[in-house]
Amino acid sequence: MAVGSRDMPFAALASQDRAVLLGTSYLLLGDAARARAVVDAVLAGVYRRWPSLANPRRTALQEVVAADPQSVRLPWTAPDRFELVDGGLVARHAPPIVGDLGRLSPVQRNVLVLTAYAGLGPADVAALLDLSGPEVAHQARLARFALGSREPARLSDTALASELSEAVPLDLRDPTDGRSDLANGRRLRRRRWGRAGLVAAAAAVVVAVVASQVVARPVAEESVFPDPVPTVTATPAPPRIACDPGAAACRESVLRDWRTEIANVTSAYLDPTQAYFRGYRVKSGDRFETPGFWAGRGGVLGFEMAPVGVGTTEVYVQVATSRGFAARCGSTTGTSCVTTRFMSGNRFTLSNTTSVSEGLEVQYAPDGDQVITVTARNLGPGPELAIGRGDLVNLAQDPRLRLPNL
């Protein structure tokens, strides 16, 4: 194939798909500059390998969905470097729907954006994300429940699609003629930037086209979620993981997704402006991961929220399979604890302290088995997080604080 023979079909692809790719990337990342960099890198890579691609749209889509990079770097420019720090908390100053998407698990977020924004059908999403049809439907219901619990209007397909579309910045919606992407692709081809480097530069983003599908496809009025959406008082069961927990790669993937989701939930309750925490961190030991958990013998998963700069308040979140594995209330902060039944009927084990400077602890077993422990304490002098014991109580009751379902 002659060098120039790819130019016209590639320019048509870029012109047709770029706006939806940018919108999808922005909704997943919450940052316009990062979204633009991701789409630039992805489209340039598609151009470089065009002659060998049977279906450029689908190939690009599969590669960026499978990628799990930590940064975006374009080889023909010298832009700022974007890094997903620790848990990858959602970007600040984004519209509310973008922040709420960031609090979903990665698979829920991908399913929701692909269906409600990009307009893909359940079968296409299942093939794209390598999930079964029932699993796609289940993840979609969980995502809709989580978003609807914050804003009930989102339970309407039309309202949700409209809010997602309006959240995308205007400058990302502008159509192009593909010339800038063509120029980037030619630069990349000249540099012969390797395939592995391209995947690492693309960043984690689910783009919005498959095979021969038109990217401007409207969202159908008929819901793609035929089962009733649960009420906001329900506690949805976590979906069963799709890989073998005996494999290290599976455990690593599940842990990363789980910790990212729970860290975002924690940030939403304790640091909604995202000015205090930069993400989560983990250390060795049973306090953070019990090996027997993966073999079905019970245990715990946990992490610490890491403060930014001179912040001194540390928040520890742990979910245990039973009280026998859970951290003993008071062991972290050196305080005494009491068991209290609230007027709602829920029972909590609480430290007898009321401020972060004294150390705060809350334990809650919503289903009588899994035990949620949340601890907040200051590690030294400096700016502390302005939270109280009631904030930890509210966080502990969030139905998303559950262990992965093995």
Side-chain angles (χ1 to χ4, degrees), residues 22-32 34-35 84-119 125 129 136 138-169 172 204-206 208 219 223-225 229-236 238-239 256-280 305 317 391 394-402:
L22 284 169
T24 304
S25 181
Y26 174 76
L27 291 173
L28 294 172
L29 301 177
D31 184 283
R34 186 187 297 163
L84 304 178
V85 181
D86 292 327
L89 301 181
V90 295
R92 303 175 194 171
H93 311 307
I97 186 68
V98 178
D100 291 343
L101 285 170
R103 297 179 181 98
L104 301 175
S105 71
V107 66
Q108 290 170 12
R109 182 166 57 250
N110 293 344
V111 167
L112 192 286
V113 171
L114 283 172
T115 54
Y117 174 75
V125 174
L129 300 181
V136 167
H138 179 59
Q139 295 292 344
R141 287 194 294 273
L142 293 182
R144 293 293 289 271
F145 162 53
L147 293 181
S149 67
R150 293 179 176 274
E151 177 52 63
R154 294 171 181 165
L155 297 179
S156 161
D157 291 347
T158 301
L160 178 60
S162 177
E163 186 177 3
L164 290 171
S165 296
E166 292 174 1
V168 178
L172 298 185
V205 53
V206 180
V219 177
S223 173
V224 297
F225 312 109
V229 177
T231 64
V232 296
T233 58
T235 301
R256 180 179 177 84
D257 289 352
W258 181 83
R259 284 175 170 147
T260 298
E261 177 182 16
I262 304 303
N264 279 315
V265 172
T266 302
S267 179
Y269 281 90
L270 306 183
D271 182 30
T273 63
Q274 296 173 19
Y276 201 88
F277 293 123
R278 71 169 183 266
Y280 67 79
M305 295 296 288
V317 180
D391 296 305
N394 290 335
L395 168 61
Q397 295 179 85
D398 191 289
R400 290 169 287 182
L401 270 64
R402 300 293 185 274

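When every heavy atom of Tyr280 is checked against every heavy atom of Arg256, the shortest pair comes out as OH-O, 4.0 Å. For Ala263 against Met305, the heavy-atom pair with the smallest separation is O-CE, 3.7 Å. Closest approach of Ala159 to Ala153, counting heavy atoms only: CB-O, 3.4 Å. Smallest separation of non-hydrogen atoms from Ala396 and Leu401: CA-CD2, 4.3 Å. Of all non-hydrogen atoms in Val98 and Ala167, the two that sit nearest each other are CG2-CB, 4.1 Å. Listed here is the closest heavy atom pair of Leu155 and Gly148: CD2-CA, 3.9 Å.
The side-chain contact (heavy atoms from CB on, under 4.5 Å) test with Val136 is passed by exactly one of Val111, Leu129, Asn110: Val111. Applying side-chain contact (heavy atoms from CB on, under 4.5 Å) to Val125 and the options Leu112, Val113, Leu114 leaves one that passes, Leu114.
The shortest distance between side-chain heavy atoms of Leu27 and Leu101 falls below 4.5 Å. Between Arg144 and Asp157 there is a side-chain heavy-atom pair separated by less than 4.5 Å. By the 4.5 Å heavy-atom criterion applied to side chains, Tyr117 and Thr24 are counted as neighbours.
Interatomic distance, OG1 of Thr260 versus CZ of Arg109, reported as 8.0 Å (0.5 Å rounding). Interatomic distance, His138 NE2 to Gln108 CD, rounded to the nearest 0.5 Å: 8.0 Å. Once rounded to the nearest 0.5 Å, the distance linking OG1 of Thr266 with CD of Glu261 reads 10.0 Å. Note that the CG atom of Leu164 and the CD1 atom of Ile97 stand 5.0 Å from one another [nearest 0.5 Å]. The CZ atom of Phe277 lies 12.5 Å from the CG atom of Asn264; values are rounded to the nearest 0.5 Å.
Residues forming a side-chain hydrogen bond (donor to acceptor under 3.5 Å, both in side chains) with Ser162 (at least two apart in sequence, or on another chain): Glu166. For Arg400, the side-chain hydrogen bond (donor to acceptor under 3.5 Å, both in side chains) criterion is met by Asp398, not counting sequence neighbours.
Judged purely by atom type and a 3.5 angstrom limit, Trp258 uses its side chain to pair as donor or acceptor with the backbone of Arg402. Between the side chain of Asp391 and the backbone N or O of Leu395, no donor-acceptor pair lies under 3.5 Å. With hydrogens and angles ignored, the 3.5 Å screen pairs a side-chain donor or acceptor of Ser165 with a backbone N or O of Ala161. Looking at Arg150, its side chain never comes within 3.5 Å of a backbone N or O of Ala146 through a donor-acceptor pair.
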Could you walk me through whether Arg154 and Asp100 pass the side chain to side chain contact (heavy atoms under 4.5 Å, CB included) check? CA-CA 11 Å; Arg154 294 171 181 165; Asp100 291 343; 2.7 Å; yes
